[in-house]
Amino acid sequence: RPRVLSGIQPTSGSFHLGNYLGAVRQWVSLQDTHDAFYMVVDLHAITVPQDPAVLRENTRVSVAQLLGVGLDPDRCTLFVQSHVPEHAQLAWLMNCLTGFGEAARMTQFKDKSAKQGSDATTVGLFTYPILQVADILLYQAEQVPVGEDQRQHVELTRDLAERFNHRFGETFTVPQPYILKETAKIFDLQDPTVKMSKSASSPKGLVSLLDEAKVSAKKIKSAVTDTDTVIAYDEKEKPGVSNLLAIYSAISGRSVAELVEHFEGKMYGALKTELAEVFVEWVTPIQQRVNLYLDDPAELDRVLAKGAEKARAVAAPVLATAYDRIGFLPPV
Ligand code: AQP
């Protein structure tokens with residue numbers, strides 16, 4: 001079975017629809033066909049300030065959500081990044097192989113640091129794509145299921161794997177991004193030209209999985225569309241309507257073409273109302289399952305202990321090989 005690896009930040013507690021449709025949904029289906037490693041990336045979360053108690057709580061909520069949407073610890077390896085110290089260790093090696101200019105070209109860093117201003121931007125935020133490189137290479141992952149915004153980081157991973165292999169001998173698998181075209185980028189409901197993101201300027205465009213379903217339904221019903229009236233898929237001319245169709249299609253399993261036919265002759269209001277209903281029906285049982293996991297902290301601990309053990313069994317020998325290849329004296 002080919003190996004996949006991916007991670008998600010525990011920064012806001014609830015995942016949003018972009019996280020789910022762009023990445024996590026694929027994680028669930030890949031469990032059956034791939035040797036899958038998934039983690040909650042708490043090391044990445046501290047690249048921006050975190051309240052310790054909130055971070056701890058959000059990490060548990062993130063794990064519960066991953067289980068609630070269908071990850072099965074018997075069919076995948078689910079763990080918390082800081083439980084596997086090899087991530088930070090391999091990241092140092094990768095830092096030392098990365099050019100400063102190369103890191104400075106990462107568009108996510110440029111966007112986020114521009115929003116924060118240079119005094120609030122940490123060196124951790126600057127090097128976080130390199131930690132991500134280590135995350136992926138530690139598991140010799142062949143594919144990395146992510147949203148479009150992460151493509152550049154997977155490219156960096158490929159470059160660094162090749163650089164390491166070239167300088168020190170064949171060591172790392174060079175991974176491929178696994179990005180599904182239909183849900184590669186889910187857009188903000190209020191501004192369908194920018195990606196749905198938890199750091200959006202207005203919360204109205206963001207649909208969070210754990211928000212009260214009524215609140216999300218209201219946001220869907222007030223999504224921005226356009227002045228035309230025809231329900232059709234056209235990302236350029238009709239970004240708002242196309243985004244709603246992509247979300248509807250992914251949640252319901254019905255193709256966009258089928259939905260366009262279904263809505264023929266109907267107004268935008270019909271699409272929004274129906275999608276709001278479909279969303280509430282879909283998210284309610286997920287929220288119930290998440291709550292069940294949150295009510296059983298002992299079970300969450302068991303899942304994470306087992307996950308960390310399985311992850312370390314793969315990561316430790318890979319790190320040891322990299323240490324050896326780079327010329328570190330073996331510990332005596
Ligand atoms: N809008 C999106 N469409 C498709 N995929 C998306 N992802 C994020 N937004 C979209 C994918 O979700 C996975 C987890 O990303 P993350 O850990 O970076 O999550 P986040 O910090 O919650 O993402 P945001 O909202 O995009 O964060 P900020 O506001 O910090 O920029 C990744 O695979 C990502 O591609």
Side-chain angles (χ1 to χ4, degrees), residues 4-28 30 36-50 55 58-59 61-63 65-66 69 71 80-81 106-116 120-122 124-126 128-129 131-132 135-136 141 143-157 175-203 205-211 223 235 239-240 242-244 246-247 249-251:
V4 290
L5 172 126
S6 196
I8 186 155
Q9 302 197 58
T11 20
S12 54
S14 177
F15 302 153
H16 57 72
L17 257 186
N19 298 143
Y20 175 75
L21 295 178
V24 176
R25 181 165 157 268
Q26 282 64 264
W27 299 9
V28 176
L30 288 166
F37 285 72
Y38 302 126
M39 59 184 173
V40 175
V41 290
D42 49 357
L43 297 182
H44 288 282
I46 62 164
T47 54
V48 294
Q50 297 292 333
L55 176 61
N58 283 347
T59 303
V61 173
S62 299
V63 175
Q65 259 172 117
L66 291 174
V69 298
L71 288 192
V80 169
Q81 188 185 26
M106 295 296 118
T107 53
Q108 289 255 343
F109 170 75
K110 287 199 273 191
D111 291 350
K112 286 189 185 179
S113 57
K115 273 189 207 159
Q116 292 177 355
T121 299
T122 65
L125 188 71
F126 183 63
Y128 110 90
L131 174 59
Q132 214 174 319
D135 296 339
I136 299 166
Q143 288 167 342
V144 187
V146 284
E148 183 61 39
D149 59 347
Q150 293 296 326
R151 186 186 289 279
Q152 195 186 28
H153 295 166
V154 182
E155 282 304 320
L156 178 69
T157 310
Q176 298 276 357
Y178 179 97
I179 299 174
L180 289 194
K181 198 174 158 286
E182 304 75 35
T183 48
K185 198 165 180 183
I186 299 298
F187 295 90
D188 187 292
L189 296 188
Q190 286 301 313
D191 179 0
T193 58
V194 301
K195 72 165 187 173
M196 186 178 285
S197 157
K198 64 174 159 18
S199 46
S201 49
S202 152
L206 179 81
V207 177
S208 292
L209 258 49
L210 299 186
D211 272 357
E235 284 173 47
S242 302
N243 192 39
L244 294 176
I247 294 172
S249 166
I251 289 180

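Both ligands and their constituent atoms are indexed starting at 1 by order of listing. Hydrogens, waters and symmetry mates are skipped; everything else that's a heavy atom, side chains included, is used.
When each atom of ligand 1 is checked for a heavy atom of Ala184 under 4.0 Å away, the hits are 3 (N), 4 (C), 5 (N). Counting atoms of ligand 1 from 1 in the listed order, those under 4.0 Å from a heavy atom of Ile8 are 14 (C), 17 (O). Listed by atom number, the atoms of ligand 1 under 4.0 Å from Met196 heavy atoms are 1 (N), 2 (C), 9 (N). Every atom of ligand 1 is numbered from 1 in the order shown, and the set under 4.0 Å from a heavy atom of Ile186 is 1 (N), 2 (C), 3 (N), 4 (C). Within ligand 1, the atoms closer than 4.0 Å to a non-hydrogen atom of Gly147 are 5 (N), 33 (O), 34 (C), 35 (O), numbered from 1 in the order shown. Those atoms of ligand 1 with a heavy atom of Lys195 less than 4.0 angstrom away are 1 (N), 26 (O), 31 (O). The distance from ligand 1 to the heavy atoms of Lys112 drops below 4.0 Å at these ligand atoms: 28 (P), 30 (O), 31 (O). Of all atoms in ligand 1, listed by their number and element, those nearer than 4.0 Å to a heavy atom of Gly22 are 4 (C), 5 (N).
Between Asn243 and Leu189 there is a side-chain heavy-atom pair separated by less than 4.5 Å. Proximity of His44 to Thr11: side-chain heavy atoms (C-beta onward) are nowhere separated by under 4.5 Å. Glu148 has its side chain out of reach of Lys195: every pair of non-hydrogen atoms, C-beta onward, lies at least 4.5 Å apart. Side-chain contact between Tyr38 and Leu30 is present, with at least one heavy-atom pair separated by less than 4.5 Å. Contact check for Leu131 versus Gln81: side-chain heavy atoms found under the 4.5 Å cut-off. Between Gln116 and Val48, the closest side-chain pair of non-hydrogen atoms falls below 4.5 Å.
Under a 3.5 Å cut-off, the side chain of Asp111 and the backbone N or O of Gln108 do not form any donor-acceptor pair. Side-chain atoms of Gln26 never come within 3.5 Å of backbone atoms of Leu180 as a donor-acceptor pair (strictly under, hydrogens ignored). Judged by distance alone, with hydrogens and angles left aside, the side-chain atoms of Ser6 form no donor-acceptor pair with the main-chain N or O of Val144 at under 3.5 Å.
From the protein, the heavy atom lying nearest to atom 17 (O) of ligand 1 is Gln9 N, 2.8 Å. Considering only non-hydrogen protein atoms, atom 21 (O) of ligand 1 sits nearest to Lys198 NZ, 2.9 Å.
Comparing Asp149, Val146, Val41 by heavy-atom distance to atom 35 (O) of ligand 1, the nearest is Asp149.
Counting heavy atoms under 4.0 Å from ligand 1, residue His44 does not touch it at all. Counting heavy atoms closer than 4.0 Å to ligand 1, residue Gln108 contributes nothing at all. Of all the heavy atoms of Lys185, the ones lying under 4.0 Å from any atom of ligand 1 belong exclusively to the backbone. Residue Ala23 touches ligand 1 through its side chain alone, judged by heavy-atom distances below 4.0 Å.
Between Ser197 and ligand 1, at least one N/O pair is under 3.5 Å apart. Note: an N/O pair closer than 3.5 Å links Gly18 and ligand 1 by distance alone. At a 3.5 angstrom cut-off on N or O pairs, Asn19 counts as close to ligand 1.
Going from atom CG of Asp42 over to atom OG1 of Thr59 covers 5.0 Å, rounded to the nearest 0.5 Å.
Of the N and O atoms on the side chains of Gln152 and Thr107, at least one donor lies less than 3.5 Å from an acceptor on the other residue.
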